[in-house]
Participant: 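Mind having a look at this structure? Questions to follow.
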Amino acid sequence: MANLPASLFAHALTVEPDSVAARIPRKITEGFEIFSSQMEGMGGNFLIAYHDGRPSLPSSRAIVRALEKVDPRPVAIASPHLDTAAMKVFSQRRIAYIRDEGNAYLPFLGASISPAPSVKAPSALSPTHSESR
């Protein structure tokens, strides 16, 4: 079973396997598991194309396009291995994604979440006057 979060945006995420992948060439679905999902309180049913590794942009585009041709539900790519650069590229190209509870972009629900960047306090470039004594 895929390593998908139990909730997104403080709403429970219900996920179950979906047979729509049987209508898509195996070459396109290779590496992906397809799930039907719904978020309580957000309405709408959508598909999740889960990849256990780091999905490439071309393979992600291909699976989204193929699923859109055979099913009217929106599609989100899910992987725990999406890095910051991949998430940025996906969002720029309006490809929905889910990495974990704190990183998701679902434009068809008008929802996006990512943690605020952690910034360390700047360190002194040179010792202060009181340290030099």
Participant: Heavy atoms only: give me the nearest G31-H51 pair and the separation to one decimal.
Facilitator: O-CD2, 3.3 Å
Participant: Residues two or more places apart in sequence or in another chain: which of them pass ring pair (Phe, Tyr, Trp, His ring centres under 6.0 Å) with F90?
Facilitator: none
Participant: CE/M39 to NE2/H11 distance, rounded to the nearest 0.5 angstrom?
Facilitator: 5.5 Å
Participant: Could you give the distance from CD (E16) to CD (Q38), rounded to the nearest 0.5 Å?
Facilitator: 9.5 Å
Participant: For residues 58-73, run the donor-acceptor check on the side chains, cut-off 3.5 Å, and write out each pair with its distance to 0.1 Å, sequence neighbours left out.
Facilitator:
residue : atom : partner : partner atom : Å
S59     : OG   : S56     : N            : 3.3
S59     : OG   : S56     : O            : 3.1
S59     : OG   : S56     : OG           : 2.9
S60     : OG   : S56     : O            : 2.8
D71     : OD1  : R73     : N            : 2.9
D71     : OD1  : R73     : NE           : 2.8
D71     : OD2  : R73     : NE           : 3.4
D71     : OD2  : R73     : NH2          : 2.8
R73     : NH1  : D18     : OD2          : 3.1
R73     : NH1  : S36     : OG           : 3.1
R73     : NH2  : D18     : OD2          : 2.9

Participant: Nearest 0.5 Å, please: how far is CG in L47 from CD1 in I34?
Facilitator: 7.0 Å
Participant: Do you know which of V15, I77, L4 makes side chain to side chain contact (heavy atoms under 4.5 Å, CB included) with Y50?
Facilitator: L4
Participant: On the 0 to 90° scale, with breaks at 30° and 60°, tag the F46-F108 ring pair as parallel, tilted or perpendicular.
Facilitator: tilted
Participant: Could you tell me whether the side chain of S79 and the main chain of D52 form a donor-acceptor pair under 3.5 Å?
Facilitator: no
Participant: Find the distance between OG (S37) and CG (L106) and round it off to the nearest 0.5 Å.
Facilitator: 8.5 Å
Participant: R26: what forms a side chain to side chain donor-acceptor pair (under 3.5 Å) with it, not counting sequence neighbours?
Facilitator: none
Participant: From K88 NZ over to Y97 OH, what is the distance, rounded to the nearest 0.5 angstrom?
Facilitator: 11.5 Å
Participant: Which pair of heavy atoms, one from A6 and one from E101, lies closest together, and at what distance?
Facilitator: N-OE2, 4.0 Å
Participant: Identify the residue among L13, N103, D100 that makes a side chain to side chain contact (heavy atoms under 4.5 Å, CB included) with L8.
Facilitator: L13
Participant: Which atom pair, heavy atoms only, marks the closest approach of A78 to I48?
Facilitator: CB-CG2, 3.5 Å
Participant: Determine, step by step, whether I95 and V75 satisfy the side-chain contact (heavy atoms from CB on, under 4.5 Å) criterion, reporting the C-alpha distance in whole Å, the side-chain angles of both residues, the deciding distance to 0.1 Å, and the verdict.
Facilitator: CA-CA 8 Å; I95 297 173; V75 181; over 6 Å; no
Participant: If you compare all heavy atoms of R99 against all heavy atoms of D83, which two are closest, and at what distance to 0.1 Å?
Facilitator: NH1-CA, 4.4 Å
